[in-house]
Structure formats: structure tokens, C-alpha cells
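I have placed the structure first, in the form of C-alpha cells, so that the comments after it can refer back to it.
Note that ligands are numbered from 1 as they come in the structure, with each ligand's atoms numbered from 1 the same way.
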Amino acid sequence: MTIDIHSVRADFPILDQQVYGRPLAYLDNAATTQKPQCVIDAITNYYTRDNANVHRGVHALSERATAAYEGARKKIADFFNAKSVREVVFTRGTTEAINLVAHSWGGVNVRHGDEVLITHMEHHSNIVPWQMLCDHVGATLKVLPINEKGELIMEALDEMLSGRTKLVGVVQMSNALGTINPVAEIIERAHAVGAKVLVDGAQAAAHIAVDVQALDCDFYVTSAHKMYGPTGIGVLLAKEGLLDAMPPYQGGGDMIRMVTFEKTEFNDLPYKFEAGTPNISGAIGFGAAIDYISEIGFDAIHAREKELLAYATSQAEAFKGLRLIGTAKEKACVLSFVLEGVHPHDLGTILDREGVAIRAGHHCAMPVMQFFKVPATARASFSIYNSEAEVDALFTALKKAQEIFG
Ligand code: PMP
């Protein structure tokens with residue numbers, strides 16, 4: 001299976017534009033991906049024909065909205081091979097999903113003296129909620145170290161895990177380094193000491209086929225906007241038994257079965273965790289994005305992204321003064337780097353003028369920057385619609401930046 005780059009690009013109307021008179025090269029896909037026409041159409045059609053509140057209406061529009069919303073949940077369950085739709089909780093995104101688990105599951109299961117183990121390459125959203133929880137209950141946050149290539153030091157895992165470890169939080173694919181982590185192995189080893197595992201799939205889900213049952217992870221979280229879907233919607237996939245035992249995260253409409261002033265009975269899964277009117281159009285757009293990825297298929301996605309990464313990496317390695325941050329053996333389509341003599345933010349600004357959109361900063365992974373002793377990196381992150389010509393445009397623009405800064 002191969003990707004026909006021209007037809008894939010034609011699916012994304014936003015790509016066909018000029019920025020400062022130059023063709024846009026959108027290389028900021030780790031921040032958010034662009035949206036194909038089918039996702040835009042799904043959202044437009046919903047608001048054009050079906051818009052109504054879900055679950056409570058007795059009229060045709062509400063029934064159609066509910067069917068579309070719940071249909072999206074089923075698509076997500078199938079895509080990630082969740083056991084049932086009861087294991088699929090819509091959230092605002094990865095961040096909210098992690099906060100939900102830290103608050104609801106963590107609030108009950110993590111106590112004084114317990115430990116939560118995360119890794120040195122986590123996004124802030126998989127650090128801060130655990131730090132807040134640990135501070136609150138008097139637990140200890142431990143950090144699995146990384147090496148100079150930006151890989152987890154797996155040899156340290158067993159000595160860091162113990163009967164005190166209640167949860168391991170690990171990113172499947174690092175947004176700051178591109179590293180793909182051996183999550184299956186981590187889950188197995190964590191389970192051996194009785195710890196639960198949360199996998200942060202924000203970056204991974206658009207690039208790697210994920211089977212939550214095969215992985216046997218307890219919690220899997222991701223965001224639609226990194227998977228060609230809309231912003232403001234994501235998902236928590238969790239084992240039903242865990243969700244059943246967890247208290248609700250927020251109270252309000254839709255998450256209840258019966259309310260009196262004395263007592264409230266909570267709704268069934270997954271609604272117990274979906275208080276208030278949900279992001280209906282977002283879920284529908286998410287479902288359309290899942291269809292889009294499934295149609296292309298992960299074999300083709302993987303082959304294409306590997307090709308692009310190899311092409312970009314070979315140019316980066318040959319580029320004088322460029323230091324790659326993150327050179328893991330198992331790596332996804334991300335090039336994080338610093339260029340001698342040019343601050344990443346200046347680089348980002350100069351590249352923008354050349355039509356090349358990259359990200360410059362700490363990528364919400366300050367501990368990674370601290371490890372590599374850099375204040376920030378420039379990051380080019382590629383997707384299925386990026387071309388070799390766009391990679392060339394990146395390096396031509398980098399050359400220009402180098403010349404400007406002498
Ligand atoms: N984890 C990782 C690895 C990410 O890349 C991101 C987004 N940059 C997040 C978590 C947070 O995702 P969101 O902002 O969509 O909640």
C-alpha cells in the first residue's frame with residue numbers, strides 16, 4: 001500500500017495556499033493536524049441539517065443528532081478495539097482525559113506513601129495532573145530517566161517499580177523528540193507489580209495502529225485534533241471495571257439517572273463521565289476523521305511517514321551546525337533540532353516568512369529541554385500530506401536563516 005500524495009493533499013483544502021507569497025509548507029502537525037474535506041463536511045452537514053441536543057429529545061433532529069454522536073463513539077470503539085462503547089468516554093481532549101483519571105481514579109486509589117511513575121519525556125499534561133494529585137494526597141512522583149538519544153532507560157524500570165507504584169503514566173510517542181516508546185513492555189512490567197497504566201496517545205494515535213485490548217492498558221487517552229479531527233474533543237478509553245468503580249469527575253445533566261435533593265443516582269457508563277451538553281459536532285467530526293484514517297490504512301501511513309522521516313533526517317544530519325534533539329531508534333515523523341547561532345524562535349519567524357510553518361519552543365515538555373540543556377528547540381513534524389518538496393523548502397529556509405545570522 002502506498003499513499004498517493006497528490007490525492008491526499010487534495011483532501012485538505014487549507015494546504016493549497018500561499019503565505020507571504022510562498023507556497024505553504026505546513027510542518028507543525030505535532031501541534032495540530034489539518035482537516036480533510038470529509039471532516040469539514042461532516043461538521044457542516046450536522047449544523048446544516050441535524051443540529052439538536054442529544055439523548056433527551058423526542059423529535060427527529062434530536063434522534064439524528066444522538067445517532068450521529070453515538071455512531072461516532074462506536075467508530076472510536078472499533079478503531080481502538082475497545083471492548084464496548086461503555087469504555088469510550090468523550091472528553092475535551094488528552095489533557096482533560098488525564099485530569100479526569102488523576103482526579104477520579106487517582107483520588108480514590110492513590111494514597112499517602114504511594115507512588116506514581118511517569119517518564120522524563122512526558123508532555124506537561126501527563127506531569128502536572130499527577131504532581132497535583134501527589135501533592136494533594138502525599139504520594140511521590142517518580143520519573144523514569146531518558147538517555148542522550150531521547151529513549152527511555154528501560155533497565156531502570158524494574159527498580160523504579162514496586163508494590164507502592166499505583167500508576168504508570170507514559171507517552172506512546174513523544175511530541176518533543178519523536179521517540180516511540182515500548183508501551184506494551186512497560187504495561188506488562190507495571191502490571192506485574194499491580195500498577196495501572198495510562199498511555200498518552202495524543203501523538204501516536206494518528207501514526208500507529210492502537211489496539212487497547214492487545215496492549216492491555218488501563219487508560220488510553222488521545223485528542224481528535226492530532227488525528228485530522230476537530231479541536232475540543234478527545235477520548236478516554238478505559239477498562240469498564242475501572243470506570244465502573246470510579247466516582248464521576250463532574251456533576252450535572254446527562255450524567256445522572258435520578259436526582260433528589262437528598263441523593264443522586266449516576267447514569268450508566270460512559271455517560272457517568274459526560275456531564276452537560278457534549279461537543280456533539282466535535283464527536284461527529286472525530287468519527288469522520290477516524291473513517292478517513294481507516295480508509296488510508298496504517299500500513300500506507302507508516303510506509304509514507306518512514307520514507308519522509310528518512311528523507312528529512314538525512315538532510316538534517318548533513319546540515320552544518322544543526323543538532324538533532326531526539327535520535328531514538330524507534331522514532332516517528334518529528335525533527336526537533338537546534339541550529340548553532342540562531343535561537344529557535346528567530347528560526348521559526350524566518351521560516352514563516354518563507355512559507356514554512358514549524359513550532360519553536362519547549363513543546364510543553366520543559367523537562368526534556370532541561371535534560372538536553374537547551375531553552376527550546378525548533379520542531380518540524382510531518383504528516384501524510386507532506387511532500388519531499390516541503391522538506392526541501394524547510395532546509396532551504398534554514399540555510400537562509402543561517403546566512404542571515406552569519
Ligand atoms: N500529550 C502529548 C504527547 C501531546 O503532544 C499533547 C499535545 N501537544 C498533549 C498530551 C495534550 O493534548 P491536548 O492539548 O490536545 O489536550
## Note on the structure
On a heavy-atom basis, the closest approach of A65 and D50 is CB-O, 3.7 Å

### Task
Take every heavy atom of S125, measure it against each atom of ligand 1, and state whether any distance is under 4.0 Å.
yes

### Summary
Closest non-hydrogen atoms of C217 and I187, given as atom of the first, atom of the second and distance, are CB-CD1, 3.6 Å

## Note on the structure
Looking only at protein heavy atoms, what sits closest to atom 1 (N) of ligand 1 is D200 OD2, 2.5 Å

### Summary
The answer for which part of K226 has a heavy atom under 4.0 Å from ligand 1 is side chain

Expected list for residues 229-239: side-chain donor-acceptor pairs under 3.5 angstrom, two or more places apart:
from: K239; atom 1: NZ; to: D216; atom 2: O; distance (Å): 3.4
from: K239; atom 1: NZ; to: D216; atom 2: OD1; distance (Å): 2.9
from: K239; atom 1: NZ; to: D218; atom 2: OD1; distance (Å): 3.2

### Minimum-distance protein heavy atom relative to atom 5 (O) of ligand 1
Q203 NE2, 2.8 Å

### Message
Heavy atoms only, cut-off 4.0 Å: how does V171 contact ligand 1, side chain, backbone, both, or neither?
### Response
side chain

### Task
For ligand 1, find out whether one of its N or O atoms is nearer than 3.5 Å to an N or O atom of T95.
yes

### Query
With W105, which residues qualify under side-chain hydrogen bond (donor to acceptor under 3.5 Å, both in side chains), at least two apart?
none

## Note on the structure
The protein heavy atom nearest to atom 4 (C) of ligand 1 is H123 CD2, 3.3 Å

### Task
For the residue pair R304 and I5, establish whether any side-chain heavy-atom pair is separated by less than 4.5 Å.
yes

### is_close_aromatic(F12, Y26), centroid dist under 6.0 Å
no

### Query
Hey, does N126 sit under 4.0 Å from ligand 1 if you only count heavy atoms?
no

### Message
Using a 4.0 Å cutoff against the non-hydrogen atoms of A202, which atoms of ligand 1 qualify?
### Response
1 (N), 2 (C), 4 (C), 6 (C), 9 (C), 10 (C)

### Task
With heavy atoms under 4.0 Å as the rule, classify the contact between H225 and ligand 1 as side chain, backbone, both or neither.
side chain

### Heavy-atom closest contact (Q402 atom, F319 atom, distance)
OE1-CE2, 3.4 Å

### Query
For ligand 1, which atoms, with element, lie under 4.0 Å from some heavy atom of S223?
12 (O), 13 (P), 15 (O), 16 (O)

### Task
Determine the sole option in F219, F286, Y220 for which the ring-ring contact (aromatic ring centres under 6.0 Å, His included) test with F80 is passed.
Y220

